[in-house]
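These notes are about the structure you will find just below.
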Amino acid sequence: MNLSSLWIGTLAGVFGGLVGLGGGVIAVPLMVSFLKLSQHRATATSLVAVVFTGITGAITYATQGTVDWVASLLIIPTAMIAARAGALFANKLSEWRLKRIFGWYLIVVALILILKPYIPHVAEPLEGAVRILPLAVAGAFAGFASGLLGVGGGTVIVPILVLLAGLEQHVAQGTSLLAMIPSALVGSYTHYRHGNLAQEVVPGLVVGIIVGAFAGGLVANQLPELWLRVVFAVVLVWTAARYVAARPKKAERLEPQVENGNGKLRDKSG
């Protein structure tokens with residue numbers, strides 16, 4: 001087992017458990033910085049961990065009766081389709097463009113963390129056929145983000161489930177964890193087919209995230225939630241600042257230009 005991936009997984013799991021997020025937003029930057037994985041390989045590898053954390057988290061929420069099984073089944077189809085699309089799109093992007101997108105995603109996550117207590121609940125939860133559209137939309141957004149960035153997508157899907165479908169916060173989180181397992185499988189397999197999966201990193205990362213998430217969840221109840229969210233949001237914004245400033249490397253800028261359909265030259269790196 002790769003010890004470096006084990007401590008990265010543990011750290012990602014602890015932070016995720018403290019504030020109720022998946023470990024991808026922490027694991028991906030750490031794998032890029034310390035394991036020297038490319039953004040594409042870190043994305044693919046993180047998705048495998050998302051599968052196992054989703055299973056662990058979903059079981060935990062299910063034992064507490066806070067999973068809407070029907071809602072999960074309505075989310076899964078669009079999430080799976082969108083996850084494959086997101087993974088395919090990621091493989092068409094250059095390294096620096098994917099980093100920029102990930103950076104902006106981190107900023108969105110930080111904002112949602114700060115605003116989490118102020119997300120209003122729908123007075124009357126949607127019932128029957130009218131639930132299908134918002135749940136399908138939630139699945140599409142979360143699935144695409146998952147496949148593209150190597151994250152669980154819960155940051156995207158939970159507010160949508162609360163605002164549009166009227167699910168209670170804890171039920172939305174449990175439902176999101178369950179629904180995103182198949183899409184993470186699809187996304188990771190798609191990345192694997194493109195040769196991006198760092199298989200030697202997976203065992204340590206998965207074990208670390210599961211153990212860390214459990215420990216973080218226990219500690220979270222003993223710490224003030226406001227400060228946890230603020231500190232974590234600051235860390236995310238600090239990390240995002242480096243990502244949104246990503247530029248093409250010199251080798252990419254010097255790649256030969258190719259002719260496009262209009263007979264004009266375009267930069268192959270873009």
Side-chain angles (χ1 to χ4, degrees), residues 8 11-34 37-47 49-50 53 79 82-83 85-87 89-90 92-120 137-164 169 172-173 176 180 183-184 187 209 216 220 225-248 270:
I8 287 175
L11 189 60
V14 167
F15 271 95
L18 285 174
V19 292
L21 291 176
V25 292
I26 291 295
V28 170
L30 290 178
M31 284 190 286
V32 171
S33 297
F34 293 97
L37 298 184
S38 69
Q39 189 71 22
H40 293 83
R41 297 193 78 202
T43 296
T45 308
S46 174
L47 271 177
V50 167
T53 51
F89 184 61
K92 293 180 180 179
L93 292 173
S94 59
E95 176 89 357
W96 69 275
R97 289 189 188 278
L98 188 57
K99 283 187 174 182
R100 276 193 183 179
I101 294 173
F102 187 81
W104 285 112
Y105 178 81
L106 291 183
I107 291 174
V108 171
V109 173
L111 289 174
I112 291 176
L113 271 179
I114 298 298
L115 298 175
K116 184 178 177 181
Y118 309 104
I119 297 175
V137 170
F141 273 105
F144 190 82
S146 179
L148 177 65
L149 303 172
V151 297
T155 310
V156 175
I157 200 171
V158 170
I160 294 177
L161 292 179
V162 172
L163 287 169
L164 298 184
Q169 180 75 28
Q173 291 176 187
S176 169
M180 296 311 296
S183 63
I209 283 185
E225 185 188 5
L226 174 61
W227 284 107
L228 280 175
R229 288 187 288 104
V230 170
V231 170
F232 196 53
V234 170
V235 172
L236 289 180
V237 171
W238 176 78
T239 305
R242 296 181 298 156
Y243 272 77
V244 297
R247 296 286 187 275

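Bear in mind that the values here come from a model prediction, so they are computed numbers and not experimental data. Heads up: numbering here begins at 1 and tracks the sequence.
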* **Spatial distance of atom CD1 (Ile8) from atom OG1 (Thr45) [nearest 0.5 Å]** => 10.5 Å
* Tyr243 and Tyr105: side-chain contact (heavy atoms from CB on, under 4.5 Å), yes or no, with the steps? -> CA-CA 10 Å; Tyr243 272 77; Tyr105 178 81; over 6 Å; no
* Structure fact -> Between Leu47 and Gly187, the two heavy atoms sitting closest are CD1-C, 3.5 Å
* **With Val25, the side-chain contact (heavy atoms from CB on, under 4.5 Å) member among Leu106, Val235, Leu149, Thr239** => Leu106
* To do: Look only at the side chain of Ser33 and the backbone of Pro29, and say whether a donor-acceptor pair between them is shorter than 3.5 Å.
  => yes
* **Minimum heavy-atom distance between Ala138 and Ile160, given as atom pair plus value** => CB-CG2, 3.4 Å
* Output the distance between atom CG (Leu236) and atom CZ (Arg229), rounded to the nearest 0.5 Å. => 13.0 Å
* Exam field: side chain Glu95 to backbone Gln39, donor-acceptor pair closer than 3.5 Å -> yes
* Atom of Gly103, atom of Ala240 and distance for their closest heavy-atom approach -> O-CB, 3.2 Å
* Asked: Could you give the distance from CZ (Phe232) to CD1 (Ile26), rounded to the nearest 0.5 Å?
  -> 4.0 Å
* Structure fact -> Value for CD1 (Ile101) from CZ (Arg97), rounded to nearest 0.5 Å, stands at 8.5 Å
* Working to the nearest 0.5 Å, report the span between CG of Leu161 and CD1 of Ile157. => 5.0 Å
* **Smallest separation among heavy atoms of Ala79 and Ser183, with atom names** => O-CB, 3.4 Å
* Structure fact -> Tightest non-hydrogen contact, residues Ala246 and Lys99, listed as CB-CB, 3.9 Å
* **Pairwise side-chain contact, Leu11 with Phe15, heavy-atom cut-off 4.5 Å (strictly under)** => yes
* Checking Arg242 against Trp238: charged group under 6.0 Å from the ring centre and within 45 degrees of the axis? -> yes
* **Arg247 side chain reached by Arg100 side chain, heavy atoms, under 4.5 Å** => yes
* Determine the minimum heavy-atom distance between Gly24 and Ser46, stating which atoms define it. => CA-OG, 3.5 Å
* **Min side-chain heavy-atom separation Val50-Val151 under 4.5 Å** => no
* Just how far is it from atom CG of Leu93 to atom CZ of Phe102, taken to the nearest 0.5 Å? -> 14.0 Å
